[in-house]
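Here is the structure we will look at, set down as structure tokens.
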Amino acid sequence: MDLQHTPTVHLQNYSPELRAQLLDYTLQLADTSLILGHRLSEWCGHGPILEQDLAMANIALDLIGETRSLYQYAAELESQGRTEDDLAYLREAVEYKNPLLVEQPNGDFGDTVMRQFIFDGFHFFLLKDLQNSPDSGLAGIAAKSFKEASYHIKWSSEWIIRLGDGTEESKRRIQKSLENLWMYSGELFSMTHTEEQLSQAGLIPDYRTLQPQWEAHVGKVFAEATLEVPQNVFMQKGGKTGRHTEHLGYLLTELQYLQRAYPGLEW
């Protein structure tokens, strides 16, 4: 669906049902950026070279910045007095709605780059359309984040090519990363009931229109990197509806420790 010429809808005009759906979706976007941002932050001080250590830290900061804006908007939609900190730090794993891809462990540098690349293409094309949403809250956050996502996709694409078309060892390892992570790519475009409803209402794009753009980009990069895309892979899903791998529980234990140990603590 083309969102570009849709008139702006004001928050106070939403029905309770539509407001609840928008809250659910906004939390999903926020959870996704939070979890991936935290994963990347785990590289701080451990990157293969200083320049890339800083690059990953900056991408993590971009994602956390996007997260904060989304949680703030979610709190406004919910209107129950909860803050961005409550939504980030005081929810259980089953309440998180991020896709399974972003919670996967960092592994080696190639694993992290591949995870980032698969996500970046989706994120880039989603934000590109979402910045034209008639919902001013989502549109404003998407417009700001799109500028940052344009750098993210450039960074990860260049590294996929560098590793894939590099040494025999780097190609072997990045190909293995692709084979291990490809099974999580399908969930990015598998629409939940909430996403279907919001798409029909014209507030978000139909993800089925984003997938061909993503496939064209990743296909071009993989070809230049001389990598082979796995075929006939069963796509894993469930994260967007609260069914996660064991990795998320361990991640949240670390992420939420300070707030749970010292309730109400603020920076």
Side-chain angles (χ1 to χ4, degrees), residues 31-67 98-125 127 145 148-188 214-215 217-230 233 235-236 239 244-255:
D31 293 344
T32 302
S33 294
L34 173 68
I35 299 305
L36 185 56
H38 182 76
R39 276 290 187 228
L40 284 175
S41 75
E42 293 174 339
W43 272 100
C44 190
H46 302 282
I49 56 176
L50 179 60
E51 181 182 4
Q52 300 313 317
D53 192 304
L54 293 173
M56 287 186 286
N58 281 324
I59 294 173
L61 286 172
D62 289 342
L63 290 168
I64 297 301
E66 180 181 352
T67 297
N98 59 277
L100 299 175
L101 174 69
V102 300
E103 66 195 48
Q104 299 309 302
N106 286 330
D108 63 21
F109 182 65
D111 294 329
T112 293
V113 167
M114 183 58 69
R115 182 188 63 203
Q116 191 67 34
F117 173 70
I118 292 172
F119 174 77
D120 282 343
F122 164 76
H123 196 214
F124 175 85
F125 290 113
L127 294 176
S145 301
E148 298 163 345
S150 301
Y151 164 72
H152 301 171
I153 194 173
K154 179 177 183 293
W155 180 85
S156 59
S157 298
E158 289 176 350
W159 268 107
I160 291 293
I161 295 169
R162 186 178 302 180
L163 294 172
D165 196 32
T167 66
E168 182 178 334
E169 176 68 7
S170 70
K171 179 176 181 177
R172 181 188 68 79
R173 294 176 69 169
I174 196 67
Q175 179 68 49
K176 186 64 174 177
S177 298
L178 173 56
E179 292 168 0
N180 289 339
L181 292 168
W182 190 248
M183 71 178 77
Y184 301 110
S185 63
E187 186 183 13
L188 298 174
W214 175 83
E215 289 176 345
H217 175 74
V218 298
K220 179 181 178 182
V221 172
F222 285 153
E224 191 170 348
T226 67
L227 296 176
E228 297 182 10
V229 178
V233 174
M235 292 295 174
Q236 302 291 329
H244 296 280
T245 65
E246 69 274 14
H247 304 301
L248 183 65
Y250 292 112
L251 184 152
L252 290 178
T253 297
E254 178 180 324
L255 176 69

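Note that the structure is predicted; figures quoted are calculated from it, not measured.
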Least distance between heavy atoms, Ser150 atom then Phe124 atom: OG-CE1, 3.5 Å

Which value, rounded to the nearest 0.5 Å, describes the distance between Gln104 atom CD and Met114 atom CE? 14.0 Å

Answer yes or no: are there more than 12 heavy-atom neighbours, outside Glu215 itself, under 6.0 Å from its atom CD? yes

Lys176 meets the side chain to side chain contact (heavy atoms under 4.5 Å, CB included) criterion, sequence neighbours left out, with Glu179, Asn180

Measure up the Phe109 and Trp159 rings against each other and bin them: parallel (under 30°), tilted (30 to 60°), perpendicular (over 60°). perpendicular

Would you say the side chain of Leu255 lies within less than 4.5 Å of the side chain of Leu34, judging by non-hydrogen atoms? yes

Non-hydrogen atoms of Gly37 and Ala60 that approach each other most closely: O-CB, 3.4 Å

Let me confirm one number: the OG-CZ distance from Ser185 to Phe122, rounded to the nearest 0.5 Å. 11.5 Å

Flag for Gln116-Trp155: side-chain donor and acceptor within less than 3.5 Å: no

With a 4.5 Å limit on heavy-atom distance, are the side chains of Glu148 and Leu63 in contact? no

Which residues pass the salt bridge (charged side-chain N to carboxylate O under 4.0 Å, His left out) test with Arg173, not counting sequence neighbours? Asp108, Glu169

Side-chain contact, heavy-atom cut-off 4.5 Å: Val218 with Ile160? no

With a 4.5 Å heavy-atom cut-off, do Glu66 and Leu127 have their side chains touching? yes

Check whether any side-chain heavy atom of Gln175 lies under 4.5 Å from a side-chain heavy atom of Leu178, and answer yes or no. yes

Gap separating the CG atom of Leu61 from the CG atom of Leu40, nearest 0.5 angstrom: 10.0 Å

Residues which pass ring-ring contact (aromatic ring centres under 6.0 Å, His included) with Trp214, listed by chain and number, not counting sequence neighbours: Trp182, Phe189

Can you name the residues that form a ring-ring contact (aromatic ring centres under 6.0 Å, His included) with His217, not counting sequence neighbours? Phe117

Of all heavy-atom pairs linking Asn106 and Asp111, the shortest is O-CB, 3.2 Å

Working for side-chain contact (heavy atoms from CB on, under 4.5 Å), residues Leu36 and Arg115: CA-CA 9 Å; Leu36 185 56; Arg115 182 188 63 203; 3.6 Å; yes

Is it the case that the side chain of Asp31 and the backbone of Asn98 share a donor-acceptor pair, with hydrogens and angles ignored and the cut-off at 3.5 Å? no

Check step by step if side-chain contact (heavy atoms from CB on, under 4.5 Å) holds for Thr112 and Trp43. CA-CA 9 Å; Thr112 293; Trp43 272 100; 2.7 Å; yes

Thr226 side, atom OG1; Ile161 side, atom CD1 - distance, nearest 0.5 Å: 10.0 Å

Tell me the salt bridge (Lys or Arg N to Asp or Glu O under 4.0 Å) pairs involving residues 152-165, sequence neighbours left out? Lys154-Glu158

If you measure from CD on Glu103 to NE2 on His244, what distance do you get to the nearest 0.5 Å? 6.0 Å

For Gly45 and Asp53, work out which heavy atoms get closest and say how close. N-OD2, 2.8 Å

Taking the side chain from Ser33 and the backbone from Thr67, do they hold a donor-acceptor pair closer than 3.5 Å? no

For a quick test of reading the model, state the closest non-hydrogen atom pair linking Leu188 to Pro99 and the distance between them. CD2-CG, 3.9 Å

Residue set satisfying salt bridge (charged side-chain N to carboxylate O under 4.0 Å, His left out) with Glu187, at least two apart, ordered chain then number -> none

Check: Arg39 and Val102 side chains under 4.5 Å, non-hydrogen atoms: no

For the CD1 atom of Ile35 and the CG atom of Leu251, what is their distance to the nearest 0.5 Å? 5.0 Å

